[in-house]
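Inspection log for the structure reproduced underneath, given as structure tokens.
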Amino acid sequence: MTHDARATATTATGASASAAAPAPLPDRMGEALARVRGRVSVGADLARVTWFRVGGPAELMVRPVDVDDLALVLAARPADVPLTVIGVGSNLLVRDGGVPGLVVRLGRGFADIEAEAGGFVHCGAAALDASVAAVAQEAGIAGLEFLTGVPGTIGGALRMNAGAYGREIKDVLVTAEALDTEGRLHTLRPEDMDLTYRHCGVPEDWVFVAATLKGEPGADPAAIAARIAEIRRQREDSQPVRTRTGGSTFANPDGHKAWELIDAAGCRGLTIGGAQVSEKHCNFLLNLGDATAADVEALGEEIRRRVLATSGIALRWEIRRIGVPADHPQAIRPTPDQGDDA
């Protein structure tokens with residue numbers, strides 16, 4: 001879309017702008033938005049960029065081209081406008097009413113990966129976890145193979161301290177770089193970030209832009225490749241990887257595996273609307289083709305209800321849920337830009 005087209009945006013309620021209504025978000029961000037070099041979209045279709053393939057549009061989405069571009073966007077955001085950062089949508093459920101406020105999606109300008117001497121790997125926040133593992137393998141750096149089993153990007157892995165196959169991002173993290181709400185760059189050490197199981201204490205409105213990881217240098221690339229292949233086989237054998245899903249739905253409670261609790265509660269294969277609990281791995285929810293985000297979320301809440309009733313354990317969502325329901329007053333209405341490639 002062009003910058004001129006942004007003036008046609010409707011308000012968050014879909015009503016025509018009036019003297020009493022707030023100005024459209026692009027107008028509120030002023031001239032700074034016109035200086036953004038990346039793509040700016042009103043009503044971007046977020047369902048197209050999530051693995052579930054459900055959900056409503058973004059009120060305003062920006063794809064900055066680099067850190068300076070991102071800093072400009074963050075500094076221009078009005079304080080009362082919510083900020084949501086997304087990656088490739090692998091662990092994300094966007095509700096049917098879309099996402100009010102500003103959505104930032106990091107692209108290829110944040111996806112560089114470079115292996116360095118001493119077993120260090122520097123990577124942008126938009127770099128795919130599996131790609132980081134592949135670069136480390138080629139450089140003979142061991143210890144990052146587990147990233148092959150983590151869907152998504154490094155930014156998402158930092159935000160939730162993602163992990164798989166016995167390791168977490170905190171185990172290999174040297175430093176992370178993030179921009180605060182004013183666009184200022186911070187370099188963070190793991191001890192600054194309150195990293196625990198599937199948790200990161202860095203403020204939600206800070207945006208990760210890069211990380212430096214540390215593996216074990218001097219390893220045999222062929223041996224690393226064999227371990228990566230083994231992880232891929234295990235993942236494909238045990239998880240519904242070629243379906244519309246969002247990865248592990250619930251975090252494992254202390255001393256328990258979420259899938260075992262879900263199975264014991266009789267939820268394997270349970271269906272609500274177009275959403276189903278996977279028969280293959282019941283900590284995965286599936287979009288059978290016509291699900292809404294409301295179907296997926298309702299199914300997850302029904303699982304939580306049944307598990308609590310049968311085990312006394314309250315499951316915690318691991319999938320990140322954003323946005324508002326379709327009937328919410330702030331639901332985003334479709335605009336002419338909604339069909340733009342998000």
Side-chain angles (χ1 to χ4, degrees), residues 1-18 21-50 54-89 92-110 125-126 155 179-183 204-209 293 320-326 328-342:
M1 64 168 285
T2 65
H3 285 281
D4 290 342
R6 295 174 199 143
T8 65
T10 59
T11 63
T13 61
S16 299
S18 67
L25 182 51
D27 293 345
R28 294 187 62 196
M29 293 185 66
E31 295 182 2
L33 201 59
R35 300 199 304 272
V36 172
R37 288 170 288 128
R39 186 181 182 115
V40 178
S41 302
V42 173
D45 183 4
L46 295 180
R48 296 174 62 181
V49 301
T50 68
V54 299
E59 181 177 1
L60 176 68
M61 186 164 77
V62 180
R63 298 194 65 177
V65 298
D66 55 26
V67 172
D68 290 339
D69 213 25
L70 174 59
L72 175 64
V73 172
L74 296 178
R77 177 180 67 98
D80 63 332
V81 171
L83 170 67
T84 303
V85 183
I86 65 173
V88 293
L92 187 68
L93 179 63
V94 179
R95 295 188 175 102
D96 298 308
V99 183
L102 174 64
V103 174
V104 170
R105 187 176 187 222
L106 303 184
R108 63 185 62 183
F110 297 83
L179 293 185
D180 65 19
T181 56
E182 301 298 321
E204 287 287 336
D205 52 6
W206 286 28
V207 183
F208 290 112
V209 295
R320 184 181 172 213
R321 296 166 293 158
I322 63 172
V324 298
H328 192 279
Q330 288 185 299
I332 310 304
R333 308 306 175 191
T335 75
D337 291 321
Q338 188 178 355
D340 284 359
D341 181 13

For [X] versus [Y], what's the shortest heavy-atom pair and its separation?
X      : Y      : value
Ala293 : Asp96  : N-OD1, 2.9 Å
Pro82  : Pro100 : CG-O, 3.6 Å
Pro57  : Gly43  : CB-O, 3.6 Å
Leu25  : Val81  : CD1-CG2, 3.6 Å
Gly55  : Ala47  : O-CB, 3.6 Å
Leu179 : Val67  : CD1-O, 3.8 Å

Does any non-hydrogen side-chain atom of [Y] lie less than 4.5 Å from one of [X]?
X      : Y     : answer
Leu106 : Pro64 : yes
Pro26  : Val40 : no
Arg320 : Thr84 : yes

Handout entry: Ile322 and Val103: CA distance, side-chain angles, deciding distance, side chain to side chain contact (heavy atoms under 4.5 Å, CB included) verdict
Key = CA-CA 11 Å; Ile322 63 172; Val103 174; over 6 Å; no
How long is the straight-line distance from [atom2] of [Y] back to [atom1] of [X], given to the nearest 0.5 Å?
X      : Y      : atom1 : atom2 : answer
Phe110 : Arg63  : CZ    : CZ    : 10.5 Å
Asp205 : Leu102 : CG    : CG    : 11.5 Å
Glu182 : Leu74  : CD    : CG    : 9.0 Å
Leu60  : Leu33  : CG    : CG    : 6.0 Å
Asp45  : Met61  : CG    : CE    : 9.0 Å

Practice task
Let me see the working for Leu72 and Val36 under side chain to side chain contact (heavy atoms under 4.5 Å, CB included), right down to the final yes or no.
Solution key: CA-CA 7 Å; Leu72 175 64; Val36 172; 4.1 Å; yes
Exercise for the section: Carefully, step by step, assess Leu83 and Val207 under the rule side chain to side chain contact (heavy atoms under 4.5 Å, CB included). Expected result: CA-CA 10 Å; Leu83 170 67; Val207 183; 4.1 Å; yes
Problem - Qualifying side-chain hydrogen bond (donor to acceptor under 3.5 Å, both in side chains) pairs with a residue from residues 66-83, counting only residues at least two apart or across chains - result: Arg28-Asp80, Arg37-Asp66
Practice task
Please assess Arg95 against Val324 for the test side chain to side chain contact (heavy atoms under 4.5 Å, CB included), listing each intermediate value before the final yes or no.
Solution key: CA-CA 5 Å; Arg95 295 188 175 102; Val324 298; 5.7 Å; no
